[in-house]
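Presented below is the structure to which this report refers.
All chains are named by letter (A, B, ...) in the order of the sequence lines, taking the proteins before the strands, and each is independently numbered beginning at 1.
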Amino acid sequence: MKIRQLSVFVENKPGRLRAPCETLAKAGINIITLSLADTHLYGILRMIVPDWQQAKEALERAGFVVNVAEVLAIEVPDHPSGLADVLRVIEQAGINVEYMYAFSERRNDKAMLVFRFQNADVAVAALTGCDLKLVSNLELFAH
Amino acid sequence: MVLSFPGNKTMTARFHPASSPDFVPASQLRDLQSQRLRAVVRRVYDHTDLYRKRIDEAGLRPECIKSIDDIVRLPFTVKTDLRDTYPFGLFASSMDEIVRLHASSGTTGKPIVVAYNRHDVDVWAEVIQRALVSFGLHEGDILQNSYGYGLFTGGLGLHYGGERLGATVIPTSGGNTDRQIMIMKDFGVSAISCTPSYFLHILDRAKEIGVDLRALPLRAGIFGAEPWTDAMRQHIEQAAGIKAYDIYGLTEIIGPGVGAECHCQNGIHIFEDHFYPEIIDPHTGQPLPDGETGELVLTTLSKQAMPILRFRTRDVTSLVREPCPCGRTVRRIRRISHRTDDMFIIRGCNVFPSQIETALLEVEGALPHYRIILTRSKGLDRMEVQIEVNAQTFSDRIGAMEELQARFAKHIEHIIGLHVAVTLAEPRTLPRSEGKLCRVTDQRNL
């Protein structure tokens, strides 16, 4: 149920965000979704890609520092209260969200939420049995 | 002699009896130096293990040292000797006699400790008084002492010398710039002592709040504890309507007051009756004649609690024997041009890149690639340590990265005693150099 997310450290300067994206483009790797956390001096580019190992190798060969974190992907109906409902369940399970981001899928009316918890295993255990659709790697990349 | 200042301030330089040791004939000075050197060698030989061992190893006996010319036979003292004997190993007085301790940051986290007995505190006040006299100060002057009070020698050093002169000393210490300006204005301050960079900051702030220092009674600035240039002097003198004087010193020798400029502002007179200067070739250790450029070496001739023989200052300068128009007979050193090691001075604090490395190692366990950038903005020196992020330190969580930055900053502050800005850089983006690493980029235009 856990998904690997890659993060890349980028300085907050012109051209620095493009560089890792271009490395992935050259390696023929598509980015399923991403989020950029920014501070005034640097950013953290977080990405979900189909083959994280291949992407990590390509990025590291190009000199980037890459972090691999385990995140959970939760599918929700793409309509009002979709996110709020999920957050209520998470809150009731007593676990804290470090950060999250979302994307909509093209072919159906679902949205995908990516959650980073402090400990992915603890989160899986806490959320199992709840009324949530945790999405596996296979399902995520089948689309 | 009447000196004129930018603005309409004038003052008269008059002779003060406290300055008489600066005017003694050369032969009389030599006799005094010889006599004091004999006593100090005997003292360190009898009371400190390190010097007894070093003097024995040099095949000498204290009685071999007869005149000041024999000083070249004595062993050198280096900064690490003070660290290795931490905290009290070089004291030549018993603790019963020691009335004051000061400390400055060392090279590896442990500070360097220096001691003064009552006699030393008097000598220190005397040399500061002589410095103040050579800047044209006298009884009735109001001295705002904005050097930091504390373990740093600057604050208390200037304080006691100012009182000895009979000036009114205001112990403002550093910081709280608006209050400094208010006091300067309201109290009719005539002289200020601080680091030159802090005075630049005061100047900028005064301008912002609409105070023109040229219109105040302030007429002398006493600047030291960090390097500054003639260009800075011109700027300060014009902008504040004062004379800006250089005072030289170092913690290991006594603190400020090893030497000072006179009103001629053409070199720093060393108070040679207490601190004997030599210039050596930093590579061979061989003495160089007056006039040649090399490393300044200083010996304390009269200190008792912690005498230091032939301390290698790492400051590069030359000695001037030619008489100064002011009439002082003691020799001058030229402005310090640079150092023989990689130490730099920021906000009056001596910093070695190795100290930064120690801090980074403590945090990471391995040494990351880093660079130190020194800048000056609005008169305030800023130190930035840029550290490359690597796989061990990088996290996808902003909070963790901020914690990492804070941890680096805290460890650095713990070792050097200064808060620095820590920024994180992408891997392999900081410049690499072959051979001699140049970790420090000084953009302060010193």
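For a residue to count as touching a neighbouring chain, one of its non-hydrogen atoms must lie under 4.5 Å from one of that chain's; by this rule A:Gln5 touches chain B with the side chain only. Proximity to chain B (any heavy atom under 4.5 Å) is restricted, for A:Glu98, to the side chain, taken from C-beta onward. Only the side chain of B:Gln405 comes within less than 4.5 Å of a heavy atom in chain A; its backbone stays farther off. Only the backbone of B:Asn390 comes within contact range of chain A, with at least one heavy atom under 4.5 Å from a heavy atom of that chain. Both the backbone and the side chain of A:Phe9 come within contact range of chain B, judged by heavy atoms closer than 4.5 Å.
Residues A:Glu11 and B:Leu424 share a closest heavy-atom pair of CG-O, 4.3 Å. Across all non-hydrogen atoms, the minimal contact from B:Asp396 to A:Arg46 is O-NH2, 2.7 Å. Considering every non-hydrogen atom in both B:Phe394 and A:Ile44, the closest pair reads CZ-CG2, 3.9 Å.
Taken to the nearest 0.5 Å, the OG1 atom of A:Thr39 stands 7.0 Å off from the CD atom of B:Glu402. One finds the OG1 atom of B:Thr423 at 9.0 Å from the NE2 atom of A:His40 (value rounded to the nearest 0.5 Å).
Judged as a salt bridge (Lys or Arg N to Asp or Glu O under 4.0 Å), and not counting sequence neighbours, the contacts of B:Arg205 are B:Asp178, B:Glu208.
The interface of residues 120-133 of chain A with chain B, defined by heavy-atom distances below 4.5 Å, is empty.
Each of A:Leu41, A:Asp38, A:Val10, A:Leu6 has some count of heavy-atom pairs under 4.5 Å with chain B, and the biggest count is that of A:Val10. No other option in A:Gly63, A:Ala69, A:Ala37 has as many heavy-atom pairs under 4.5 Å with chain B as A:Gly63.
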